[in-house]
Amino acid sequence: MIENHRITVVEEDKHFMEMACGLARENVKQGGAPFGTIIVKDGELIAAAGDSLGLDNDPTAHAVVNAIRCACNYMHSIKLEGCVVYCSSEPCPMCMCALYRAGVSRVYYGSIDPDAERISSVGDIIRMAMEKPNHDRSIPCVRIKGTAAGDSFNRWVAKVDKTRH
């Protein structure tokens with residue numbers, strides 16, 4: 001057992017982490033980037049995915065996001081409560097947002113961010129941008145007031161048969 005910030009890493013965790021790392025290696029062989037993610041619920045593998053960013057021409061097709069999509073489909077839910085995620089590399093800001101939205105219980109990762117930065121520095125760019133006011137970001141974000149945008153929210157709030165986000 002390895003102690004890590006009050007969380008005990010057990011043999012099962014190491015096994016699933018090795019699966020995620022193996023998936024990352026296989027992903028490189030298939031033309032993808034070196035990222036793999038495994039999602040487990042009650043000790044059962046429910047999703048496994050690699051990064052398919054370049055293969056799918058999709059900037060959101062990170063291994064974590066792909067695995068979340070697969071797991072949510074399997075669970076027939078937008079929530080993954082009770083699920084544990086094993087990533088070959090530390091999740092980027094986008095992936096961490098997705099993991100929080102999905103409500104996973106825990107995330108284990110192998111490589112740290114500087115390893116991933118050898119491939120892309122986008123994670124750092126996003127982190128720095130998010131610390132700035134909307135108008136000072138490298139991609140400025142500007143609110144247009146006086147639109148009907150709020151109407152959709154009002155309709156959703158009034159809806160009886162909705163899925164909470």
Side-chain angles (χ1 to χ4, degrees), residues 2 4-113 116 119-120 122-123 126-127 130 139 141 147-165:
I2 301 169
N4 187 356
H5 301 279
R6 294 177 284 159
I7 294 179
T8 303
V9 176
V10 297
E11 288 303 315
E12 182 179 71
D13 295 322
K14 290 190 242 179
H15 168 73
F16 286 123
M17 179 56 70
E18 283 304 316
M19 286 179 69
C21 293
L23 188 56
R25 285 189 299 276
E26 188 59 34
N27 205 50
V28 171
K29 288 181 190 174
Q30 302 300 321
F35 303 104
T37 299
I38 301 288
I39 300 181
V40 175
K41 171 100 172 162
D42 299 325
E44 176 190 349
L45 175 68
I46 64 166
D51 173 287
S52 62
L53 210 89
L55 299 172
D56 294 342
N57 296 314
D58 180 351
T60 68
H62 290 200
V64 171
V65 173
N66 288 343
I68 288 171
R69 289 175 180 149
C70 193
C72 286
N73 188 42
Y74 176 82
M75 301 282 290
H76 303 287
S77 175
I78 63 169
K79 291 296 183 182
L80 297 175
E81 285 126 355
C83 290
V84 179
V85 179
Y86 298 88
C87 307
S88 62
S89 182
E90 183 176 10
C92 75
M94 176 186 71
C95 291
M96 279 307 302
C97 288
L99 290 163
Y100 272 97
R101 289 292 305 215
V104 302
S105 294
R106 184 172 296 151
V107 176
Y108 294 96
Y109 61 91
S111 296
I112 56 172
D113 219 13
I119 295 170
S120 169
V122 173
I126 294 168
R127 277 188 278 285
M130 297 309 289
I139 300 175
C141 298
T147 67
D151 184 51
S152 299
F153 288 97
N154 293 337
R155 288 174 189 260
W156 188 84
V157 168
K159 194 175 177 177
V160 177
D161 63 335
K162 61 188 168 222
T163 301
R164 301 286 305 166
H165 293 262

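Quick note: residue numbers are just sequence positions, from 1.
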Indicate yes or no for a side-chain donor-acceptor contact from Asp56 to the backbone of Leu53 under 3.5 Å, with no hydrogens or angles considered.
no

Would you give the length of the straight line joining atom CZ of Arg101 to atom CG of Leu99, rounded to the nearest 0.5 angstrom?
12.5 Å

Does any part of the side chain of Val84, heavy atoms only, come nearer than 4.5 Å to the side chain of Tyr108, both counted from C-beta?
yes

Looking only at heavy atoms, the pair that brings Leu23 and Gly50 closest together is CD2-N, 4.1 Å

For Thr60 versus Arg69, what's the shortest heavy-atom pair and its separation?
OG1-NH2, 3.1 Å

Under 3.5 Å, is there a donor-acceptor pair between the side chain of Asp51 and the main chain of Gly32?
no

Taking every heavy atom of Ala48 against every heavy atom of Ile38, the minimum-distance pair comes out as CB-CD1, 3.7 Å

For Ala49 and Ala63 the tightest heavy-atom approach is O-CB, 3.6 Å

Could you check whether the rings of Phe16 and Tyr86 sit parallel, tilted or perpendicular, using 30° and 60° as the cut-offs?
tilted

Hey, could you give me the CG/NE2 distance between Leu45 and His15, rounded to the nearest 0.5 Å?
8.5 Å

Say whether, by atom type as modelled, one donor and one acceptor occur between the side chain of Ser88 and the main chain of Gly36 under 3.5 angstrom.
yes

Checking Ser111 side chain against Ser89 main chain: does a donor-acceptor pair fall under 3.5 Å?
no

Could you go step by step and tell me if Phe35 and Asn27 meet the side-chain contact (heavy atoms from CB on, under 4.5 Å) rule?
CA-CA 7 Å; Phe35 303 104; Asn27 205 50; 5.6 Å; no

Under 3.5 Å donor-acceptor, Lys41 side chain and Met75 backbone
no

Distance from Leu80 atom CG to Ser105 atom OG, nearest 0.5 Å?
9.5 Å

Please examine the side chains of Ile39 and Ile68, heavy atoms only from C-beta on, and report whether any two atoms are closer than 4.5 Å.
yes

Just by distance, with hydrogens left out, do Ser52 and Asn66 show a side-chain donor and acceptor under 3.5 Å apart?
yes

To the nearest 0.5 Å, what is the distance between SG (Cys21) and CD (Glu26)?
13.5 Å

Can you tell if the side chain of Cys92 reaches within under 4.5 Å of the side chain of His62, non-hydrogen atoms only?
yes

What's the spacing between Ile46 CD1 and Tyr74 OH if we round to 0.5 Å?
7.0 Å

Point-to-point distance, once rounded to the nearest 0.5 Å, from SG of Cys83 to CD of Glu44
10.0 Å

